[in-house]
Amino acid sequence: MDAIIYNQQGKESERFPLPEEFFALPWNADLVHQVVTVMAANGRQNSAYAKDRSAVSGGGAKPWRQKGTGRARHGSSRSPIWSGGGVTHGPTRLRDYRRNLTKKMRAKALFTLLSQKWRDNEILLAQRPELSEPKTKTAQTFIDKLAAIPGFAPLNYRTGKRALFIYAEDGDAIRRSFANIPQVAVALARDVSLLDVINYRFIVLLEPAKIVDALSVRARHQGSATKPPAKKTLTAVK
């Protein structure tokens with residue numbers, strides 16, 4: 001399964017055999033949905049809180065005597081039926097939304113989504129731009145060149161989440177160069193998550209060989225059902 005690697009000018013440079021273990025898995029909507037749901041739940045902040053009658057201030061004394069006033073009997077103004085009283089069955093910070101998810105499921109869902117994006121022509125392989133220092137202008141020029149490739153024109157749209165650039169290592173200059181471009185984001189290959197991939201339409205792999213190596217390490221450490229691929233070599237485009 002060969003893929004074309006584009007250089008910094010948006011021209012075809014070489015070919016790279018993508019491993020089927022990461023980019024040719026069948027679509028599994030149930031698995032992807034389950035992993036996305038669990039990851040969203042695990043990231044949920046439990047900040048909703050309402051005071052019950054034990055947490056409301058005041059109300060220590062009985063509002064009026066039990067009998068002889070002609071009014072209904074009450075023991076405390078903290079009662080939920082009083083204005084300013086406690087809330088009945090309100091939200092508390094004790095609720096835990098976290099759910100368990102195996103590492104194998106996380107890895108398999110990520111590779112499944114990458115495979116689907118490859119079939120949808122939403123993955124682009126490119127050489128890493130030469131950035132001796134952080135420079136937004138150089139990063140924007142690089143995006144302009146990639147947007148000229150047929151099928152990838154939306155890379156240059158100024159709204160929405162258009163592209164996620166994945167790099168392998170030493171990405172400080174890359175991160176700072178792309179930081180001021182609103183429609184794109186960058187992520188380290190060893191840290192990229194399913195939510196990162198699913199939130200952006202296009203995925204740009206910078207230095208694909210190193211990224212495949214990083215994915216292989218993740219597959220071994222996370223117990224993925226896929227076998228790490230053999231070492232791949234590049235072939236020049238004639």
For the pair Asp172 and Arg175, find out whether any cationic side-chain nitrogen is under 4.0 Å from an anionic carboxylate oxygen.
-> yes
Tell me, with the steps shown, if Asn156 and Gln140 meet side chain to side chain donor-acceptor pair (under 3.5 Å).
-> CA-CA 9 Å; Asn156 212 12; Gln140 184 60 60; 3.0 Å; yes
State whether the number of non-hydrogen atoms from other residues, nucleotides or ligands found under 6.0 Å of Gln45 atom CD is greater than 12.
-> no
CZ-CD1 distance between Phe16 and Ile4, expressed to the nearest 0.5 angstrom | 14.0 Å
Taking atom types as modelled, is there a side-chain donor on Thr159 or Gln183 under 3.5 Å from an acceptor on the other?
-> no
Side chains of Trp64 and Arg71: closer than 4.5 Å at any heavy-atom pair?
-> yes
Look at the rings of His74 and Trp82 and say which category their plane angle falls in: under 30° parallel, 30 to 60° tilted, over 60° perpendicular.
-> perpendicular
Would you call Ile123 and Phe23 a side-chain contact if the rule is heavy atoms closer than 4.5 Å?
-> yes
May I ask you to check whether over 12 heavy atoms, not counting those of Lys51, lie within 6.0 Å of atom NZ?
-> no
Applying the salt bridge (Lys or Arg N to Asp or Glu O under 4.0 Å) test to Asp96, which of Arg98, Arg99, Arg93 qualifies?
-> Arg98
Do any N or O atoms from the side chain of Arg218 and from the backbone of Val192 form a donor-acceptor pair under 3.5 angstrom?
-> yes
Aromatic plane relationship, Phe111 with Phe22 - under 30° parallel, 30 to 60° tilted, over 60° perpendicular | tilted
Indicate yes or no: at least one non-hydrogen side-chain atom of Val184 is less than 4.5 angstrom from one of Phe165.
-> yes
Rounded distance [0.5 Å steps], CD in Glu169 versus CD1 in Ile174 = 10.0 Å
Is the closest side-chain heavy-atom distance between Asn42 and Tyr97 below 4.5 Å?
-> no
Judged by modelled atom types alone, do Asp196 and Ser193 share a side-chain donor-acceptor pair under 3.5 Å?
-> yes
Are there more than 12 heavy atoms of other residues, nucleotides or ligands under 6.0 Å from atom CZ of Arg95?
-> no
How about Gln8 and Lys145: do any of their side-chain heavy atoms sit closer than 4.5 Å?
-> no
Please examine the side chains of Leu164 and Phe202, heavy atoms only from C-beta on, and report whether any two atoms are closer than 4.5 Å.
-> no
Measure across Pro134 and Ser177 and return the closest heavy-atom pair with its distance rounded to 0.1 Å.
-> CA-OG, 3.3 Å
